[in-house]
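Here's the structure, in structure tokens; my notes come after.
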Amino acid sequence: ASMSPTTAPQSSATLTTDEAAALRQVDPRFVCMVNNSLFDSPQIPVEVGGQTYFGCCPMCKERLATDAEARQAMDPVSGRMVDKAVAVIGVLPTGAVVYFESEANLAAHRAKLTGRQPS
């Protein structure tokens, strides 16, 4: 049986090479930056300190406005915290959202997951 997108999320360690290769960059407007989930439609914009973040509901909108930690994520390549408003955002086939400092880091993470060099 083929796995549907509704399958329970997996850790990146259990992704197949094909799944890892499908790590793709996404438009931040479609990501709830609190739940770190990709949606089919644009989310609610939240302006904080001149940056725009996105949340899926009033509760997430409030959290982005008041909780600085909700507006940051760790880049898995550099290990540094990145501001979600300016991060390069990737999504895995599992629906897991990953934040990067740069497109180069996204490509490096994809290569690491697949065991291939970035092209």
Side-chain angles (χ1 to χ4, degrees):
S2 68
M3 292 179 61
S4 69
T6 56
T7 308
Q10 299 173 302
S11 76
S12 58
T14 60
L15 288 176
T16 67
T17 301
D18 288 341
E19 285 175 326
L23 171 66
R24 63 186 172 91
Q25 189 171 341
V26 295
D27 187 322
R29 293 177 301 168
F30 292 87
V31 174
C32 171
M33 295 179 176
V34 175
N35 295 327
N36 302 315
S37 300
L38 183 66
F39 287 83
D40 294 332
S41 59
Q43 301 303 293
I44 305 163
V46 182
E47 295 280 336
V48 181
Q51 302 285 13
T52 304
Y53 303 87
F54 297 91
C56 66
C57 66
M59 197 170 75
C60 287
K61 186 178 170 188
E62 177 69 19
R63 179 137 181 237
L64 285 165
T66 59
D67 182 357
E69 282 186 25
R71 299 189 299 266
Q72 296 186 331
M74 185 180 289
D75 180 320
V77 175
S78 68
R80 289 193 286 267
M81 295 304 285
V82 293
D83 184 331
K84 291 179 180 181
V86 298
V88 172
I89 303 174
V91 68
L92 291 161
T94 59
V97 171
V98 191
Y99 300 87
F100 300 95
E101 288 182 299
S102 65
E103 288 183 30
N105 283 11
L106 183 145
H109 191 63
R110 181 187 297 132
K112 180 181 159 204
L113 291 173
T114 60
R116 296 183 197 138
Q117 292 304 309
S119 51

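Note that this is a predicted model, so its numbers are computed, not measured.
- Neither Phe39 nor Leu23 shares a network with the other; the hydrophobic side chains, linked directly or stepwise wherever heavy atoms of I, L, V, M, F, W or Y lie under 4.5 Å apart, form separate groups for each.
- Each salt bridge (charged side-chain N to carboxylate O under 4.0 Å, His left out) pair with one or both residues in residues 44-64, not counting sequence neighbours, appears once here: Arg63-Asp67.
- Val82 is connected to Val26 through a chain of hydrophobic side-chain contacts under 4.5 Å among Ile, Leu, Val, Met, Phe, Trp and Tyr, so both are in one cluster.
- Of the inter-residue distances, the one linking Ile89 atom CD1 with Arg29 atom CZ reads 11.5 Å to the nearest 0.5 angstrom.
- When hydrophobic clusters are built by joining Ile, Leu, Val, Met, Phe, Trp and Tyr residues whose side-chain heavy atoms come closer than 4.5 Å, directly or via intermediates, Phe54 is grouped together with Val97.
- Contact check for Phe30 versus Leu38: side-chain heavy atoms found under the 4.5 Å cut-off.
- A heavy-atom distance below 4.5 Å is not found between the side chains of Phe100 and Gln25.
- Put simply, the side chain of Met59 does not reach to within 4.5 Å of the side chain of Val34, judged on heavy atoms.
- Here the shortest heavy-atom pairing between Arg71 and Ala65 reads NH1-O, 3.6 Å.
- Expressed to the nearest 0.5 Å, how far CE of Met33 lies from NZ of Lys84 amounts to 7.5 Å.
- Taking both residues in full, the closest heavy atoms of Leu64 and Ala70 are given as CD2-O, 3.8 Å, listed atom of the first, atom of the second, then distance.
- In the hydrophobic cluster analysis, where Ile, Leu, Val, Met, Phe, Trp and Tyr join through side-chain heavy atoms closer than 4.5 angstrom, Val77 is grouped apart from Met81.
- Cluster annotation: Val31 and Ile44 are assigned to distinct hydrophobic clusters (Ile/Leu/Val/Met/Phe/Trp/Tyr, side-chain heavy-atom contacts under 4.5 Å, transitive).
- Heavy-atom minimum distance, Val88 versus Glu103: CG2-N, 3.6 Å.
- In plain terms, the two heavy atoms of Gly55 and Gln43 that are nearest each other are O-CB, 3.3 Å.
- Here the closest non-hydrogen pair linking Pro76 and Val98 is CG-CG1, 3.5 Å.
- Considering all non-hydrogen atoms of both residues, Ala85 and Gln51 come closest at CB-CB, 3.6 Å.
- Counting heavy atoms from C-beta on, the side chains of Asp83 and Tyr53 come closer than 4.5 Å.
- Listed by chain and residue number, Asn105 satisfy the side-chain hydrogen bond (donor to acceptor under 3.5 Å, both in side chains) test with Asp75 (two or more places apart in sequence, or in another chain).
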